[in-house]
Amino acid sequence: MSYVNKIMALADSASLRHIEHVACLRCKSCGKKYSLGIQSSCNDCFGPLEVVYNDDVVSEYFRKETIEEGPPNIWRYWPLLPSDRESGLNGLNPGMTPLRDCRNLARFIGIKRIFVKDDTVNPTYSFKDRPVAVSVPKAIELGLKRVGCASTGNLAGATAAAAAKYALSCYVFVPRGLPQTKLLATSIYGAGIIEVKGSYDNANRIANLVADRLSIGLVNINLRPYYVEGSKTLAFEVVEQLKWEEPDRIIVPMGSGALLTAVHRGLNELRKYGLSTGSASVCGTQPARCAPISSAFNNGEDILPVERPETVAESLAIGDPASGGEAIEAIRKTGGFADAPSDEEIIEGQLLLAREEGIFSEPAGGTVIASLKRKVEDGSIASDETVVCLITGNGLKATSHLKFSQYPVVAAPQEAISAIETMEGRRW
Ligand SMILES: *Cc1c(COP(=O)(O)O)cnc(C)c1O
Ligand SMILES: [Zn+2]
């Protein structure tokens with residue numbers, strides 16, 4: 001049966017409204033259940049809430065064949081996404097981005113196989129389109145007329161674009177000093193930008209208080225349990241694109257730790273429903289200048305918030321990471337590492353990926369490549385491994401820390417020829 005016919009058949013069977021695959025919210029710490037509302041933490045113990053699905057519906061529809069016939073975006077995984085598929089498909093439909101086999105990079109770094117999951121090509125050029133695609137239709141379903149977020153840049157653009165598509169108003173709270181390109185795109189999509197003095201954590205706090213007063217659905221705050229579900233599609237896609245085989249290792253950039261936590265959850269769900277038998281280890285990386293999760297993991301201590309997060313990887317500059325504890329647990333359970341390369345290594349990683357593979361990532365991607373290189377060098381990654389790097393944002397969104405290499409200005413062919421002779425063979 002074709003995909004369209006299948007949807008029609010499903011829509012016909014009155015016994016199965018698509019949204020009925022979602023059961024409730026549940027506290028990850030104490031297990032207390034909540035109805036599906038606008039809430040992100042437990043009233044009793046402040047633990048994070050997670051979405052619970054109806055197992056029988058998921059077992060029936062979350063199968064390889066059904067998924068492979070689905071649309072070429074995140075909605076092919078609808079039984080494990082908490083919003084209605086039909087309203088979801090009215091959005092910008094991110095996902096099914098390329099998984100690139102990076103042979104030049106693998107040769108350069110000296111391991112068997114490196115794949116890049118290239119989320120630089122999503123609708124607003126970062127992976128944030130995934131969680132937004134799930135949480136914005138959820139906001140509508142919950143009766144909200146305004147959406148927004150606290151953002152280090154990429155989420156602002158993703159939320160603004162989705163709000164435009166769904167004709168909602170949108171307000172984004174950002175710290176001072178974000179790259180102009182990210183803010184520009186956000187305002188072009190028509191969102192209201194509120195710049196907050198101080199760091200991301202201040203923006204987050206103010207957003208939280210304002211949202212309560214004005215009933216704004218903040219995708220990564222009061223809608224967080226739904227939001228994080230969108231990100232696990234990265235894990236689903238990687239495994240599907242490797243023909244339902246897990247790689248040995250996935251390296252994930254961490255800001256709040258939500259993406260890494262979601263990737264781990266996605267892998268667990270694939271295993272639970274029999275779509276994979278692997279055991280990939282999930283590894284995290286943060287810029288050394290803002291690495292509260294990696295430091296806590298490596299020192300075996302509690303997370304100590306970073307007061308002044310300042311790094312070229314501004315999309316990862318979150319000093320007080322909301323999902324840090326969960327990220328640490330995921331890394332530990334899967335035998336992964338947590339790393340923290342310097343800003344210099346991050347830029348070098350960015351250039352390496354561009355020059356070996358033709359992929360221009362933002363510094364968050366450079367952070368991943370830097371850690372890959374460091375961990376191969378120190379022996380933590382073996383040369384026979386298959387490693388997947390999540391490249392989560394596009395380099396054109398954040399360029400102020402990059403410089404041109406010197407180039408000539410010529411007036412005659414002979415000048416161009418001698419210039420080329422001096423440049424020949426030089427790559428970087
Ligand atoms: C937001 C973001 C991340 C990490 O997200 P968290 O879920 O906060 O850990 C990674 N890369 C890019 C480009 C991002 O914008
Ligand atoms: Zn609880």
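All ligand and atom numbering here is 1-based and tracks the order in the structure. Residues take their numbers from the sequence shown, with the count starting at 1.
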Practice prompt. For atom NZ of Lys32, decide whether the heavy atoms of other residues, nucleotides or ligands shown that lie under 6.0 angstrom number more than 12.
Written response: yes

Practice prompt. Verify, without hydrogens or angle tests, whether Tyr226 (side chain) and Pro82 (backbone) share a donor-acceptor contact under 3.5 angstrom.
Written response: no

Worksheet item: Which residues satisfy the side chain to side chain contact (heavy atoms under 4.5 Å, CB included) test with Pro179, sequence neighbours excluded?
Response: Thr181, Lys182, Glu314, Ala398

Practice prompt. Please name all residues satisfying side chain to side chain contact (heavy atoms under 4.5 Å, CB included) with Thr97, sequence neighbours left out, ordered by chain then number.
Written response: Lys117, Asp119, Val121, Asn122, Arg130, Glu237

Worksheet item: Does NZ or CZ of Arg85 lie under 6.0 Å from the centre of the six-membered ring of Trp75, at an angle within 45° of the ring axis?
Response: no

Discussion item. Using ring pair (Phe, Tyr, Trp, His ring centres under 6.0 Å), reason through Phe62 and Trp78 one step at a time and then give a plain yes or no.
Written reply: CA-CA 8 Å; Phe62 197 69; Trp78 67 268; 9.4 Å; no

Fill in: Any Lys128 side-chain heavy atom under 4.5 Å of Tyr227 side chain
yes

Fill in: Val252 and Val282, any side-chain heavy atoms less than 4.5 Å apart
yes

Response to the item:
Between Leu89 and Pro71, the two heavy atoms sitting closest are CD2-CG, 4.1 Å

Worksheet entry | Pocket residues of ligand 1, ordered first by chain and then by residue number (heavy-atom cut-off under 4.0 Å) | Phe127, Lys128, Asn154, Pro253, Met254, Gly255, Ser256, Gly257, Ala258, Leu259, Ser315, Leu316, Glu362, Ala364, Thr392, Gly393

Worksheet, complete the sentence: Protein-side N, O or S atoms sitting under 2.8 Å from the Zn ion (ligand 2) are Cys27 SG, Cys30 SG, Cys42 SG, Cys45 SG

